[in-house]
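Since the structure is predicted, the reported quantities are computational estimates derived from the model, not experimental observations. Each chain gets a letter, A, B and so on, in the order its sequence line appears, and its residues count up from 1.
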Amino acid sequence: MSYKITEEGNISTVFLDGEIDMDVTEKAKEVILPLVEAGKEVHLNLKDVSYMDSSGISVLIESHQKALENNTKVVVKEVSKSVLKVIMMAKLEQILNLE
Amino acid sequence: MDLSESKDFLVHTASLKEVRVFSREVFEKLKIKNDLKEELVLAIAEAAQNIVKHAYKGVENTADHMQIKISLKNDNLEIGFFDKGKPVVEENIQHRKLDDIKPGGLGTFFIKQIMDDAVFKKDQQKWVNHLILSKKI
């Protein structure tokens with residue numbers, strides 16, 4: 001997994017790339033959670049994420065919940081078809097902010 | 001087309017990508033359509049992840065290997081997982097309730113959603129745990 005972050009005002013956009021599994025979840029959390037804890041609105045762009053397993057889904061849930069605690073939000077954007085299928089399998093499409 | 005292939009992987013999170021590569025290669029040989037192929041790869045990866053995460057919980061840098069065997073015979077797909085970790089207590093395996101939104105506990109749910117059956121066999125002397133996932137395709 002690789003990533004890129006862009007900043008615009010209070011919005012941080014994290015572009016994730018590659019496959020997100022248990023091997024990279026700590027790295028993903030290290031990138032996303034500090035932004036959320038800093039009160040940023042975080043946009044996760046997943047257009048280049050080709051695979052996500054339950055560990056990756058856990059990162060999305062944890063980020064979403066941490067954002068609620070910090071009175072901000074995480075928006076999941078441009079979800080690839082394969083990742084959307086996993087999100088829907090977990091019945092999270094109504095819980096996560098998908099755009 | 002009937003086929004049976006197996007491969008050993010070091011029990012480590014870094015092996016999960018290799019598990020997916022191996023699975024995709026086998027399913028491509030079997031000409032399984034892409035959507036189903038990716039679902040099956042997810043189920044296999046989740047089961048392999050459970051070995052690393054649960055059967056080897058608290059064990060770091062083991063030299064142990066797990067084995068994954070994918071077989072197709074008469075449209076019955078069978079995927080075997082063999083490991084030498086802690087014995088699985090089947091009563092303890094349960095996924096979280098989907099409306100209890102929290103990180104974790106989804107891997108087993110995904111496996112059950114994708115596969116027809118998941119059974120632990122006690123038929124191995126060489127291995128400790130032997131899980132068989134099966135699906136009619």
Side chain, backbone, both or neither of A:Val24 within contact of chain B (heavy atoms, under 4.5 Å): neither
Contact summary for A:Ser63 and A:Val74, nearest pair of heavy atoms: O-CG2, 3.6 Å
B:Asn34 portion near chain A, given a 4.5 angstrom heavy-atom threshold: neither
Between B:His12, B:Glu46, B:Glu38, B:Gln113, the one whose heavy-atom pairs under 4.5 Å with chain A are most numerous: B:Glu46
Donor-acceptor pair, side chain of A:Asp23 and main chain of B:Ser15, under 3.5 angstrom: no
Ring geometry between B:Phe82 and B:Trp127 (parallel below 30°, tilted from 30 to 60°, perpendicular above 60°): tilted
For chain B, the option from A:Glu19, A:Glu62, A:Lys81 that forms the most heavy-atom pairs under 4.5 Å: A:Glu19
Heavy-atom donor-acceptor pair, B:Asp83 side chain to B:Leu131 backbone, under 3.5 Å: no
Region of A:Gln65 in contact with chain B, defined by heavy-atom distances below 4.5 Å: side chain
B:Phe120 atom CZ, over 12 foreign heavy atoms within 6.0 Å: yes
